[in-house]
Amino acid sequence: IHEGVSQSNFCFCRALQNKNLPSLTKAMFFNLQTLLLSDPSNLSRQWTDEGLFNLSYGIMLRAGYLTLYGNEEENYNDPSCQDKDRAHSAEVYNAFYKLDQLLMRAARSMLTAAEKKEAARLKGHLWKLLSVKRLNSKANKSLWLESYKQHLEELGVDEDMQPRAMLMQLWATQGNAGPAVFWLLLFLLKHPAAMAAVQSELEKVIRNRGQTMKQMQGISQEMLDSTPVFDSVLNETLRLTAAPFISREVLADMQLRLADGRKFSLRKEDRLCLFPYLSPQMDSEIYEEPEKFKYDRFLNADNTEKRDFYKGGERLKYYNMPWGAGINTCIGKFHAVNSIKQFVFILLTNFDLELKDPEARIPWFDKGRYGFGMLQPENDIMIQYKLKD
């Protein structure tokens with residue numbers, strides 16, 4: 001452990017990885033089933049209309065919240081417990097989503113007086129939902145939550161301030177997975193060959209397991225790691241729609257050499273901001289027709305992951321950086337990937353899914369989201385879905 005980093009801080013950072021990952025993955029599976037397969041409103045064999053972004057963001061944030069912050073009661077399979085989890089997670093999501101729509105303007109000090117008042121109201125409501133007393137009463141709390149609470153206590157953060165930190169963590173841990181699922185599903189719906197390839201791969205993985213998805217009590221890591229086509233689709237989706245700023249503080253005077261040979265002198269205490277969305281992710285020298293979705297862009301001919309990408313004749317170490325890079329890679333990457341895969345697997349296995357208007361164009365990005373992680377669409381896209389026969 002680096003000097004100055006507490007044991008609890010180290011544990012909370014690692015609680016989304018390694019030996020803790022299987023328990024998070026299983027909890028996410030049960031919570032996704034509660035929201036998708038136990039809710040009577042979802043189990044119709046008649047077509048239901050809904051916004052794809054609302055469905056993706058809502059289910060992912062609610063299931064992710066229940067997985068990390070805990071359930072209302074312990075038994076995942078008890079109908080009354082599931083009812084409570086659906087109601088409570090919906091209350092959290094509805095307030096969070098309204099606040100999320102104001103955050104980008106708040107970050108740029110652009111809120112009107114009325115918007116500031118509404119943001120304060122929403123934060124106050126969420127702080128109550130994330131209070132120490134409420135979280136202490138939860139069942140099935142994750143190790144991440146317990147470790148983070150211990151970390152806050154060691155820092156001397158009092159009970160009134162802890163919910164504010166918990167709200168920040170809710171945004172940090174859950175704010176990007178839903179939008180990622182939206183874009184991934186939209187690209188699949190707009191590209192039938194990609195959808196067919198993903199569904200064929202999924203059917204093969206389930207068939208090799210010897211069970212139907214309905215019989216499973218979880219999706220194993222082995223199954224989640226056996227989907228090179230889906231991995232390519234996800235990598236291509238993130239290449240096109242993940243646009244975070246990566247900022248660093250310069251700790252010592254240094255020279256920074258760019259790929260084209262130019263050098264810049266950086267001074268100690270300078271701040272450096274990188275924007276990988278432009279380069280490498282949308283660089284036409286690295287990716288042919290970078291603005292287009294190509295589901296097999298990250299696949300070799302033998303269906304293994306393609307990792308060889310070049311610029312100026314040199315093989316790139318970092319050619320796609322939605323998760324950051326090196327020692328600063330997102331600590332929640334593996335949990336996020338598993339969660340995204342499970343949601344899509346459960347959805348495509350149990351539901352027929354169609355665009356309401358097959359000719360609807362892919363929406364533009366909300367430009368205010370550049371630099372803050374996953375981009376969100378300017379408008380939602382209507383879909384229709386129903387339980388498979």
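Note that the coordinates shown come from a computational prediction; the quantities given were computed from them, not determined experimentally.
The other residues sharing a hydrophobic cluster with Tyr319 are Ile286, Tyr287, Phe298, Phe309, Leu316, where clustering joins ILVMFWY side chains under 4.5 Å apart. Within the hydrophobic cluster formed by Ile, Leu, Val, Met, Phe, Trp and Tyr side chains joined at under 4.5 Å, directly or through other members, Trp364 stands alone, with no partner residue.
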**Test log, rule side chain to side chain contact (heavy atoms under 4.5 Å, CB included), inputs Met282 and Tyr277** = CA-CA 6 Å; Met282 298 299 289; Tyr277 180 76; 3.9 Å; yes
**Request:** Please assess Arg257 against Arg262 for the test side chain to side chain contact (heavy atoms under 4.5 Å, CB included), listing each intermediate value before the final yes or no.
**Result:** CA-CA 6 Å; Arg257 184 178 71 85; Arg262 289 181 295 165; over 6 Å; no
**Prompt:** After noting the C-alpha distance and the side-chain angles of Asn54 and Glu50, does the key distance pass the side chain to side chain donor-acceptor pair (under 3.5 Å) rule?
**Reply:** CA-CA 7 Å; Asn54 184 60; Glu50 188 166 354; 3.1 Å; yes
**Request:** Take Thr349 and Ile206, measure what side chain to side chain contact (heavy atoms under 4.5 Å, CB included) needs, and give me the verdict at the end.
**Result:** CA-CA 10 Å; Thr349 301; Ile206 295 174; 3.9 Å; yes
**Message:** With side chain to side chain donor-acceptor pair (under 3.5 Å) as the criterion, how do Asp85 and Thr34 come out once you've worked through the C-alpha distance, each side chain's angles and the decisive distance to 0.1 Å?
**Reply:** CA-CA 8 Å; Asp85 279 340; Thr34 291; 5.4 Å; no
**Request:** Decide side chain to side chain contact (heavy atoms under 4.5 Å, CB included) for Lys292 and Leu240; before the verdict, give the C-alpha distance in whole Å, the side-chain angles of both, and the deciding distance to 0.1 Å.
**Result:** CA-CA 8 Å; Lys292 291 187 177 181; Leu240 286 165; over 6 Å; no
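Between Phe343 and Met60, the closest side-chain pair of non-hydrogen atoms falls below 4.5 Å. Within the 4.5 Å cutoff, the side chain of Thr304 has no heavy atoms near those of the Leu299 side chain. Side-chain contact between Lys26 and Ser23 is absent, with no heavy atoms from C-beta onward closer than 4.5 Å. You'll find the side chain of Glu269 stays beyond 4.5 Å of the side chain of Leu251, heavy atoms only. With a 4.5 Å cut-off on side-chain heavy atoms, Leu126 and Met166 do not count as touching. With contacts defined as side-chain heavy-atom distances shorter than 4.5 Å, the pair Leu186/Leu52 qualifies. By the 4.5 Å heavy-atom criterion applied to side chains, Gln46 and Lys386 are not counted as neighbours. Between Met321 and Pro280, the closest side-chain pair of non-hydrogen atoms falls below 4.5 Å.
Ile346 approaches Gln33 most closely through the heavy-atom pair CD1-CG, 4.4 Å. Residues Phe372 and Asn176 come closest through the heavy atom pair O-OD1, 4.2 Å. Nearest heavy-atom pair across Pro358 and Lys190 is O-NZ, 3.2 Å. Between Asp380 and Gly51, the closest heavy-atom pair is OD2-CA, 3.2 Å. Between Leu355 and Ile383 the shortest heavy-atom distance is CD2-CG2, 4.2 Å. Across all their heavy atoms, Pro163 and Ser131 have their closest contact at CG-CA, 3.7 Å.
Side-chain polar atoms of Gln150 and Glu154 form a donor-acceptor pair below 3.5 angstrom. Between the side chains of Gln174 and Tyr65, no donor N or O sits under 3.5 Å from an acceptor N or O.
Between Arg307 and Glu305, at least one side-chain nitrogen of the basic residue sits less than 4.0 Å from a carboxylate oxygen of the acidic one, meeting the salt-bridge criterion. A salt bridge does not link Asp296 with Lys306: every distance from a Lys NZ or Arg NE/NH1/NH2 to an Asp or Glu carboxylate oxygen is 4.0 Å or more. The pair Lys294-Glu236 does not meet the salt-bridge criterion, since no charged nitrogen lies less than 4.0 angstrom from a carboxylate oxygen. A salt bridge does not link Arg45 to Asp352: none of the charged side-chain nitrogens sits closer than 4.0 Å to a carboxylate oxygen.
By the criterion of side-chain heavy atoms lying less than 4.5 angstrom apart, applied directly or through intervening Ile, Leu, Val, Met, Phe, Trp or Tyr residues, Met374 is grouped together with Leu278 in one hydrophobic cluster. Both Ile362 and Leu238 belong to a common hydrophobic cluster when Ile, Leu, Val, Met, Phe, Trp and Tyr are linked at side-chain heavy-atom distances under 4.5 angstrom. Leu234 and Tyr318 are not part of a single hydrophobic cluster, where members link through side-chain heavy atoms under 4.5 Å apart. Taken together through direct or relayed side-chain contacts under 4.5 Å among Ile, Leu, Val, Met, Phe, Trp and Tyr, Tyr57 and Phe351 form part of one hydrophobic cluster. Using a 4.5 Å cut-off between side-chain heavy atoms of Ile, Leu, Val, Met, Phe, Trp and Tyr, with links allowed through other members, Met161 and Val132 fall into different hydrophobic clusters.
Side-chain atoms of Asn320 come within 3.5 Å of backbone atoms of Asn235 as a donor-acceptor pair (strictly under, hydrogens ignored). Checked by atom type and distance alone, the side chain of Arg369 never pairs as donor or acceptor with a backbone atom of Gln376 at under 3.5 Å. Between the side chain of Asp270 and the main chain of Arg267, a donor-acceptor pair closer than 3.5 Å is present. Panel note: side chain Asn140, backbone Glu74; a donor-acceptor pair is recorded below 3.5 Å. With Ser142 contributing its side chain and Leu68 its backbone, the two residues share a donor-acceptor pair below 3.5 Å. Put simply, the side chain of Ser232 never gets that close to the backbone of Val229: no donor and acceptor are under 3.5 Å apart. In terms of modelled atom types and a separation under 3.5 Å, the side chain of Glu115 and the main chain of Thr112 share a donor-acceptor contact. In this structure a side-chain-to-backbone donor-acceptor pair under 3.5 Å is present from Asn31 to Ala27. Between the side chain of Asp283 and the backbone N or O of Ser279, no donor-acceptor pair lies under 3.5 Å. A donor-acceptor pair under 3.5 Å is absent between the side-chain atoms of Ser200 and the main chain of Ala196, judged by distance alone.
Residues Tyr295 and His191 keep their aromatic ring centres 6.0 Å or farther apart. Taking the six-membered ring for Trp and the full ring otherwise, Tyr69 and Trp144 have centroids separated by under 6.0 Å.
Applying the ring-ring contact (aromatic ring centres under 6.0 Å, His included) test to residues at least two apart or on different chains, the pairs with a partner in residues 212-253 are Phe230-Phe345, Phe245-Phe275.
With His335 as the fixed residue, the side-chain contact (heavy atoms from CB on, under 4.5 Å) test singles out one of Thr173, Thr67, Ile340: Thr67. Only one option out of Lys84, Lys138, Lys141 pairs with Glu72 in a salt bridge (charged side-chain N to carboxylate O under 4.0 Å, His left out); it is Lys138.
Residues that satisfy the side-chain hydrogen bond (donor to acceptor under 3.5 Å, both in side chains) test with Asp49, not counting sequence neighbours, are Lys356. Looking at residues two or more places apart in sequence or on another chain, you find a side-chain hydrogen bond (donor to acceptor under 3.5 Å, both in side chains) between Gln82 and Ser38. Listed by chain and residue number, Gln384 satisfy the side-chain hydrogen bond (donor to acceptor under 3.5 Å, both in side chains) test with Glu354 (two or more places apart in sequence, or in another chain).
Relative ring orientation between Phe53 and Phe182 is described as perpendicular, the plane-to-plane angle rising above 60° on a 0-90° scale split at 30° and 60°. Using bins of under 30°, 30° to 60° and over 60° for the plane-to-plane angle, the ring pair Tyr370/Phe365 lands in the perpendicular bin.
His88 NE2 to Leu129 CG: the interatomic distance, rounded to the nearest 0.5 Å, is 5.5 Å. Remark: Leu37 CG to Phe30 CZ distance equals 12.5 Å, nearest 0.5 Å.
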